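Keep in mind it's a predicted model, so treat the numbers as computed, not measured. Just so it is clear, the values below take in all heavy atoms, side chains as well, and ignore hydrogens, waters and symmetry mates.
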Amino acid sequence: MISTIREMPEEELLLSGCGSCAGCPASLALRIVGKALGKNAVMLLTPSCSVASMGMTPKTAYNWPSMNITFASAGASAAGVSVALDTIKEKKNDTWEKPTVFNWTGDGGTYDIGFQALSAAAERNDDFIHFCYNNEAYVNTGLQRSGATPRYCYTTTTPAGKKETKKNMALLMLEHNVPYIATASVAYPIDLYNKILKAKSIPGFKYIEIFAPCNVGWGFSADKTIEMGRMAVEAGACLLWEAHNGKIVFSKPTEKLLKMKDKKPSIEKYINSQGRFQKTMKDKKLEILMDIQEDIDREIRFMKERSKICYSVN
Amino acid sequence: MEIIMIEFRLHGLGGQGIVTFSHLLSEAALEMELYSQSLPSFGVERRGSSVSASVRINDKPILIHEQCSTPEFLVIMNDSLIQKAIDMGLHKRTKLIVNSNEKRYEQNAITINATQIAIENNLVHDNIPFVNIPMFGAVCKVIQFPREVVEIVLRKNWKGKIAELDVKAALSAYDAI
Amino acid sequence: MDSILQPISVPQKGAAGNTGEWRLYKPIIKKEKCVKCLKCWIYCPEAVINKETLEIDYQYCKGCGICANECPCEAISMEKE
Amino acid sequence: MDKILCTGNYAAAEAVKYAKVDVVAGYPITPSTKIVEKINEDIAHGMKCKFISIEGEHSAMAATVAASAAGARVFTATSSQGLLYMHEVLHMAAGGRLPIVMANVNRGVFAPWTLKADHQDALSQRDTGWIQIYCASNQEIFNTILQAYKIAEKAYLPVMVNFDGFLLSHCEEPVSLPEEEKISTYLPDYKPMWSLNTENPTSFSNVTNPKEYADFRDKLSKDILNVGTIIKQAAYEYQECTELWDGDMIETYCTEDAEIILVAMGSVAADIKYCVDILRKEGVSVGLIRIRVFVPFPGIEIMNILKTDSKVIVIDRDYHFGAEDGIVISELRSFLYGKLNLKCLKGMVMGIGGKEITCEEIKRVIKKMEVEVYD
């Protein structure tokens with residue numbers, strides 16, 4: 001575990017000059033993943049911005065053995081690689097260290113089309129880390145709604161604002177009784193790094209969701225990516241926690257928020273600095289803000305209660 | 001032994017072990033250094049409904065894969081199925097081998113009380129007698145396979161106490177024909 | 001078997017070309033104001049800031065401006081290309 | 001050599017054991033289920049192989065593809081809807097040039113439901129880039145799966161070994177099993193030329209420019225077209241090792257002097273051989289071509305057997321919707337166009353959803369054709 005930025009290794013596994021947009025939170029998150037996992041890892045990618053921006057054949061910006069797979073199959077494919085590496089390990093000598101297998105997917109490949117295979121892999125407790133970089137929409141295809149899109153959010157398929165609330169995917173994965181689940185944010189790189197280190201050290205199925213504010217999809221300027229991530233955590237729109245063997249522990253920034261009694265920060269500033277809400281709020285701004293606040297408060301209340309229940313994973 | 005293809009069609013109720021029976025009969029033929037084929041007819045039926053299977057024995061490789069429509073032998077595990085079995089096709093020379101507690105006269109049927117033999121030999125599980133084992137012994141006798149073959153095949157498929165019960169039941173049916 | 005059998009790619013810098021060309025504003029680090037907190041280094045999505053020297057690789061810097069926005073001591077300014 | 005009495009499914013699983021497969025991902029579907037059941041039984045009895053209890057066929061193929069890319073020898077089995085559900089990943093396996101072997105137990109497709117055999121499932125995967133081989137006996141299933149690994153790992157192409165549901169999958173026939181050492185010599189451990197390897201990191205199947213994409217696909221298409229020699233080679237080597245023969249693109253029976261030639265695929269071809277014997281005794285001059293390899297299509301091999309005055313009847317166990325008859329005849333017709341002008345080439349769709357193809361029916365088809373030709 002580290003406590004300062006300086007302790008992170010210098011080596012880059014995401015090589016400069018990839019094809020992502022300026023200020024991309026996915027590239028940023030992947031850089032931290034690279035630092036935490038090191039070279040001995042195998043990467044699987046479902047269709048997402050990270051595929052579109054990894055470079056065209058015969059060049060790639062990712063310095064791992066990596067494999068592009070079909071959209072619905074992250075859980076199954078990672079299981080395939082992981083099990084195959086197990087058989088290779090059995091044939092090789094004991095000093096050969098099995099590489100960490102990890103999925104790099106967006107919210108589509110996790111929340112929606114990828115859910116079935118992912119759920120099955122979690123139930124089988126297959127040995128890999130599933131990363132979901134969550135930018136709360138299908139931005140790769142030009143901003144359509146996903147299961148991670150929050151209520152009232154504009155997307156091209158919800159031009160009047162999404163009517164449904166997002167699902168709590170990390171909690172759904174936790175309920176598969178798996179060894180490790182974490183939520184993180186690109187705005188808190190040390191926290192993210194430590195969570196990846198922990199996941200790497202635990203055998204079995206690990207799920208890490210990384211909150212990734214997308215300046216293109218959300219409508220804010222590229223330099224505000226980190227600021228937006230920080231605001232989301234401070235307002236409670238993104239809760240940071242981890243659960244090792246089923247016990248939910250809130251991470252520092254979120255813990256701080258949960259301990260506040262009266263003067264909790266409102267989501268107003270966070271919502272108002274994003275184009276994706278401005279388009280749909282118009283004259284009903286106050287009511288909508290109250291609804292969004294209620295969605296967040298309900299989630300906080302629920303997670304607080306849920307964190308009191310602890311079971312142990314065998 | 002000079003053989004041209006012999007065909008069997010087996011009829012029984014689901015759970016009476018028709019598939020196992022067809023396997024045993026084919027294996028007995030293999031033991032006699034003949035070619036054989038066991039072809040169960042599957043549907044979406046569940047336990048208790050009527051099922052059938054075909055068995056072919058030949059001294060040449062068997063190419064055909066359809067169910068036997070006019071077999072030499074119609075083996076019927078339960079006398080309530082006789083009419084249904086006949087309706088599914090036979091020719092004038094078709095012989096019936098029927099499990100029944102009374103003599104049956106359809107098509108010069110050979111009758112054997114396999115249920116009783118199974119019960120006498122403790123071949124009962126969950127109140128269902130395993131009639132397929134004595135029926136196997138009986139059919140082997142009818143087609144003149146030696147006694148030893150019956151025993152060898154059963155011991156190949158089961159071990160220990162069950163094998164003993166099987167052999168005893170099958171051979172007593174063999175001798176009863 | 002020849003090389004076009006399997007669709008394999010090799011890792012290299014500039015997989016999407018010289019992405020520095022995308023830039024409209026250029027980050028300039030004023031070393032005298034810098035406290036070496038390394039926030040610019042870790043928050044760079046493109047890995048173009050050197051951890052030790054804090055030199056910026058302008059060949060690939062896309063000019064997003066996160067480094068300037070996150071710098072706690074206003075040591076980085078975004079200047080028009 | 002041991003001779004056992006076993007079902008087609010058992011023979012397939014037994015071949016997997018002989019091939020020392022590393023990873024199997026499988027999902028149950030009638031009539032292929034017994035294959036993965038037996039593999040699991042073998043694992044319980046100490047076979048060195050990892051089984052992934054996957055949650056669906058799309059995932060089964062995805063896991064198989066990924067395990068293959070990681071350097072393992074892999075296998076899966078399916079049928080009908082399962083194969084259809086895999087469709088997307090089948091393309092990926094072929095495009096990625098991964099040497100996967102799959103048993104597909106042919107079964108008709110939904111709707112309405114049927115459990116029984118026809119070839120609609122596999123033939124609707126014709127253009128996925130998989131080699132397709134159709135077996136006519138349980139011995140052939142065993143032999144072909146072992147040969148399939150040889151072919152796949154030499155050509156870097158996935159191979160689908162097809163056999164008819166129930167007619168072979170659940171039918172017990174005698175199968176000769178060669179000594180395991182002989183198979184080990186025939187099929188040594190899989191050493192991929194490329195894999196997901198941390199010592200030499202590369203990435204697989206990134207986005208391509210049109211030129212590169214077209215080159216990859218062109219190479220794939222040409223390699224499939226020319227895989228015939230590898231298929232034949234694999235069979236000869238297998239015969240040398242085991243003294244068992246199943247090979248070649250087609251099998252012929254009594255074709256030398258035949259006026260009427262039946263063309264068929266799968267287990268029904270064996271039944272037709274039996275019919276040919278009967279018909280010959282009745283004075284009908286008939287022969288059989290069994291298509292063993294459907295992809296790549298053995299057009300040249302078939303053409304070499306035919307003469308301009310041959311009367312050819314193609315029996316299809318599938319529909320080519322929108323055309324008058326089946327897929328196999330469409331393929332043959334388009335191959336022969338401009339090369340051989342047959343006096344008579346007729347198609348017949350039979351045996352759909354396990355409907356039995358009897359000798360009587362074949363006779364009727366021949367009669368009907370003769371009437372049509374001479375009228």
What part of [X] is in contact with chain C, defined as an atom under 4.5 angstrom from a non-hydrogen atom: side chain, backbone, both or neither?
X: A/Met67; answer: neither
X: A/Ser20; answer: both
X: A/Arg6; answer: both
X: A/Ile32; answer: side chain
X: A/Glu227; answer: both
X: A/Met8; answer: both
X: A/Pro9; answer: backbone

Quick check for you: among [options], which has the greatest number of heavy-atom pairs under 4.5 Å with chain C?
options: A/Ala61, A/Ser221, A/Pro189; result: A/Pro189
options: A/Gly55, A/Ser53, A/Ala187; result: A/Ala187
options: A/Ser66, A/Cys21, A/Ala22; result: A/Ala22
options: A/Asn63, A/Asn215, A/Val186; result: A/Asn63

Which atoms form the tightest heavy-atom contact between [X] and [Y], and what is the distance?
X: A/Glu10; Y: C/Trp41; result: CA-CZ2, 4.2 Å
X: C/Asn69; Y: A/Asp223; result: ND2-O, 3.2 Å
X: C/Pro45; Y: A/Leu14; result: O-CD2, 3.5 Å
X: A/Gly19; Y: C/Lys62; result: C-NZ, 4.0 Å

Between [atom1] on residue [X] and [atom2] on residue [Y], distance to nearest 0.5 Å:
X: C/Ile42; Y: A/Ile190; atom1: CD1; atom2: CD1; value: 8.5 Å
X: C/Tyr60; Y: A/Cys18; atom1: OH; atom2: SG; value: 11.5 Å
X: C/Ser9; Y: A/Met56; atom1: OG; atom2: CE; value: 10.0 Å

Is the number of heavy atoms from other residues, nucleotides or ligands under 6.0 Å of [X] [atom1] greater than 12?
X: A/Phe71; atom1: CZ; answer: yes
X: C/Glu81; atom1: CD; answer: yes
X: C/Lys36; atom1: NZ; answer: no
X: A/Glu7; atom1: CD; answer: yes
X: A/Lys224; atom1: NZ; answer: yes

> Based on non-hydrogen pairs under 4.5 Å, which of C/Cys44, C/Ala16, C/Gly63, C/Cys64 is most in contact with chain A?
Replying inline: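 If we count pairs closer than 4.5 Å to chain A, C/Cys64 comes out on top.
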> Which of the residues C/Met78, C/Gln12, C/Lys13 is involved in the greatest number of heavy-atom pairs with chain A at under 4.5 angstrom?
Replying inline: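 Answer, by heavy-atom pair count under 4.5 Å with chain A: C/Gln12.
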> Between C/Gln59 and A/Ser16, does a side chain to side chain contact (heavy atoms under 4.5 Å, CB included) hold up when you go through it step by step?
Replying inline: CA-CA 9 Å; C/Gln59 191 179 354; A/Ser16 303; over 6 Å; no
> So what's closer than 4.5 Å to chain A heavy atoms on C/Asn50: side chain, backbone, both or neither?
Replying inline: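 The side chain, not the backbone.
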> Is it the side chain or the backbone of C/Glu70 that comes within 4.5 Å of chain A heavy atoms, both, or neither?
Replying inline: side chain
>> Could you go through C/Lys39 and A/Ile5, starting from their C-alpha distance and side-chain angles, then the distance that decides it, and tell me whether this counts as side chain to side chain contact (heavy atoms under 4.5 Å, CB included)?
In response: CA-CA 7 Å; C/Lys39 280 195 171 159; A/Ile5 294 172; 3.9 Å; yes
>> Test: ring-ring contact (aromatic ring centres under 6.0 Å, His included). Region: residues 211-230 of chain A. Which pairs qualify, not counting sequence neighbours?
In response: A/Phe211-A/Trp218
>> side chain to side chain contact (heavy atoms under 4.5 Å, CB included) for C/Glu46 and A/Cys24? Distances and angles first, verdict last.
In response: CA-CA 8 Å; C/Glu46 208 52 44; A/Cys24 176; over 6 Å; no
> With no hydrogens and no angle check, is any side-chain donor or acceptor of C/Lys51 less than 3.5 Å from a backbone partner on A/Glu11?
Replying inline: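 Not at all, since once roles are kept as given, no pair shorter than 3.5 Å links the two residues.
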> Taking the side chain from C/Tyr43 and the backbone from A/Thr225, do they hold a donor-acceptor pair closer than 3.5 Å?
Replying inline: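 Flag not set: sc C/Tyr43 to bb A/Thr225 has no pair under 3.5 Å.
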